[in-house]
Amino acid sequence: MPSNSIDSLLHEERRFPPPEEFTGSAVATGALYERAAEDRLAFWAEQARELHWDTPFTETLDWSNPPFARWFADGTLNVAYNCLDRHVIAGNGDRVAIHWEGEPGDSRTITYAQLTDEVKRAANVLTSLGIEAGDRVAIYMPMIPEATVAMLAVARIGAVHSVIFGGFSADSLRDRIDDAGAKLVITADGGWRKGAVLPLKPTVDSALAKSAKNTVTNVLVVKRGENEIEWTDTRDVWWHDTVHGASAEHEAQPFEAEQPLFILYTSGTTGKPKGILHTSGGYLTQASFTHRNVFDLKPETDVFWCTADVGWVTGHSYVVYGPLANGATQVMYEGVPDSPAPGRWWKIIEKYGVTILYAAPTAIRTFMKLGREIPQASDLSSLRLLGSVGEPINPEAWIWYRDIIGAGKTPIVDTWWQTETGAIMISALPGVTTLKPGSAQTPIPGISIDVLGEDGTRVDPPNGGLLVVSEPWPSMLRGIWGDPERFKETYWSKFAALEGSKYFAGDGAHVDTDGDIWLLGRVDDVMNISGHRLSTTEIESALVSHPIVAEAAVVGAADETTGQAVVAFVILRSKQAGKQTADEASTLLRTHVGQQIGAIAKPRQIFVVNELPKTRSGKIMRRLLQDVAEGRAIGDTTTLADTSVMQIISDKMKA
Ligand code: WT7
């Protein structure tokens, strides 16, 4: 159990009751908890009825074949219609859907009417390219409005999108395209990042050249970066040549609530990323419910900004589906926070009058280090609510976020959830909850969470245990693409002996005497770097795939800014001895990991060692390496096959 500094956390005594601006007028009131406690399924059915159903559902949940849930299964709806057409029909076509800001400083304002037209045109193009309901479409794009349009156009025709973050390498992209059997890739020539154009189409070209399955028939390319690209006439199609000229007449067809909506790959404890599958009605219900209630959304007046990339689940649920289902006005930003200068985010907030900001603790800690003068140079007085996601937010960063960004008065909602849960599961509600810095606090209405010991009994405070979701929820993953056994094994086997199916999240947690939940980090071989999930095993396989490496062990070491950082220990092949210095090897291998997986996976440090600490049965003891990487005294080494190895590694690191 990662104990971090839970003891000091639990002595955190600051409390922030809901401010007056929220108590009288917040979207969410305590009545939601009462209703959900009284009848959980009726509560979710009521939330689902906020959507437009072509055929109303009669059954809320079918849990007759756990862990395969079916929510609202006999109802039909169109996800894109819910995010677009119905707002236009309701008379809100002129409302701004997206204030888009390009990194170089260009910008676009897109209303709901315009977004609806563009999605209809794109849907017609997809159909003309032979895409049908159920087909998979890979999306590899920068943060430009066309990314949102592409996702919604795919959803509109009942196809399934798989968005791959633009920072992933050609190999990672190829693996995901092949695993899903994608027929089409939607990409851009390139996008702006850190003051330069990051090419994307060339990466798609090399991914497809290496594809083992060759399922892709077309590549649809948005012109953004204006970088030089190669063109395959028989395969590649420009977005502006097709979508701009296409008809904006497109009637959305209804699909079953359980129609697959998207696959999103995420790292697990093995080397192979898992394709997490989400479906339509339940997902949209919980994404929109949480977006409205956790963020206290007032669609007529709020300007919402979730800073996540659409390549991650946060971007799916709180850049695309939640905000658009709720008819929100939002900001979308293409680039990095410090381009051209570290104050960019705050300038954007001032420019668009952002009222709700949803960001990651890593970003907050980075700004904290740079100093308050930078945010204080912009007028942030429009902000009324702040959110945090992706990793635990330490009380110090929480207080800084509230004081410096939130003028010492905005509530902060710390939201716990996962790619697998699809939407927020644990969070304060701003008009109801008295906030405790550092704790994600309580399950949202309609969600059942438990913290269990290894033996499945509920742990009593102040002990820590394993976080489980003890009842099915609408936006739960429906499986792992193509691998139902892995789905059962990964999430549902840990507490299979208990009555009822318990979803094991992979996180450690602690419940305090008030019933508030404190997340303690992953208990498996999954790391959380800047709120992005990476697998130790996946990076180890990338390292050993390099010819100079004999063995590798990777750990996530505590890092002040990024939460955790990747630290690798490698043994070089004996033939390599003396051929390069440890520094050269380390540089070479960092680049290699970048090529194999993507820049986000590059280790912060790589140590060349002669031995790795192993048990007598040959299992690498990562916990000991983590001790060294975090500069702690080395823990219990009695199960090691060779107890001297840790001393040697630790001496080497100090040198
Ligand atoms: C893992 C899920 C949720 C979208 C972004 C990450 C960690 C997430 C919190 C939080 C503490 C958090 C957990 C979880 N996590 N939010 N508020 N407090 N930890 O999605 O890549 O699927 O990662 O992120 O460890 O299991 P993901």
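Both counts, for ligands and for their atoms, begin at 1 and track the order of listing.
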For Asp171 and Ser169, does a side-chain donor sit closer than 3.5 Å to a side-chain acceptor? no
Identity and distance of the protein heavy atom lying nearest atom 15 (N) of ligand 1: Gly390 O, 3.2 Å
Suppose we measure from atom 6 (C) of ligand 1 to each protein heavy atom; which comes out shortest, and what is that distance? Gly531 O, 3.8 Å
So which protein heavy atom does atom 21 (O) of ligand 1 come closest to, and at what separation? Arg533 CB, 3.5 Å
If you measure from atom 11 (C) of ligand 1 to every heavy atom of Ala505, Ala360, Ala308, Pro392, which option wins on shortest distance? Pro392
Nearest neighbour of atom 17 (N) of ligand 1 from the list Thr415, Thr314, Val413, on a heavy-atom basis: Thr415
Counting heavy atoms only, which part of Arg522 comes closer than 4.0 Å to ligand 1: side chain, backbone, both or neither? side chain
Please find out if less than 6.0 Å separates the ring center of Phe367 from that of Trp346. yes
Any idea which heavy atoms bring Met332 and Ile144 closest together, and the distance? CE-O, 3.2 Å
Residue Asn528 vicinity, atoms of ligand 1 by number, heavy atom under 4.0 Å: 7 (C), 24 (O)
Among non-hydrogen protein atoms, atom 13 (C) of ligand 1 lies closest to Asp507 OD2, 3.0 Å
First locate atom CZ of Arg136, then atom CG of Asp179, and finally report the distance between them rounded to the nearest 0.5 Å. 10.0 Å
Gln47 and Arg292, any side-chain heavy atoms less than 4.5 Å apart: yes
Within a distance under 4.0 Å of any heavy atom of Val389, pick out the atoms of ligand 1 and give their elements. 3 (C), 4 (C)
Would Tyr265 and Phe168 count as a ring-ring contact (aromatic ring centres under 6.0 Å, His included) if you check the C-alpha gap in whole Å, the side-chain angles of each, and the deciding distance to 0.1 Å? CA-CA 11 Å; Tyr265 286 84; Phe168 278 114; 9.6 Å; no
For Leu519, counting its heavy atoms only, list the atoms of ligand 1 lying under 4.0 Å from any of them. 11 (C)
Gln418-ligand 1 polar pair, N/O distance under 3.5 Å: yes
What do you reckon, does Ala440 put a non-hydrogen atom under 4.0 Å from ligand 1? no
Any idea which part of Val313 is under 4.0 Å from ligand 1, heavy-atom wise: side chain, backbone, both or neither? side chain
Protein contact to atom 3 (C) of ligand 1 [nearest heavy atom, distance to 0.1 Å]: Trp417 O, 3.0 Å
Please determine whether the number of non-hydrogen atoms from other residues, nucleotides or ligands lying under 6.0 Å from atom CD of Glu396 exceeds 12. no
Under 30°, 30 to 60°, or over 60°: which ring-plane class applies to Trp492 and Phe487, parallel, tilted or perpendicular? perpendicular
Gln441 and Thr433 side chains, donor-acceptor separation under 3.5 Å: no
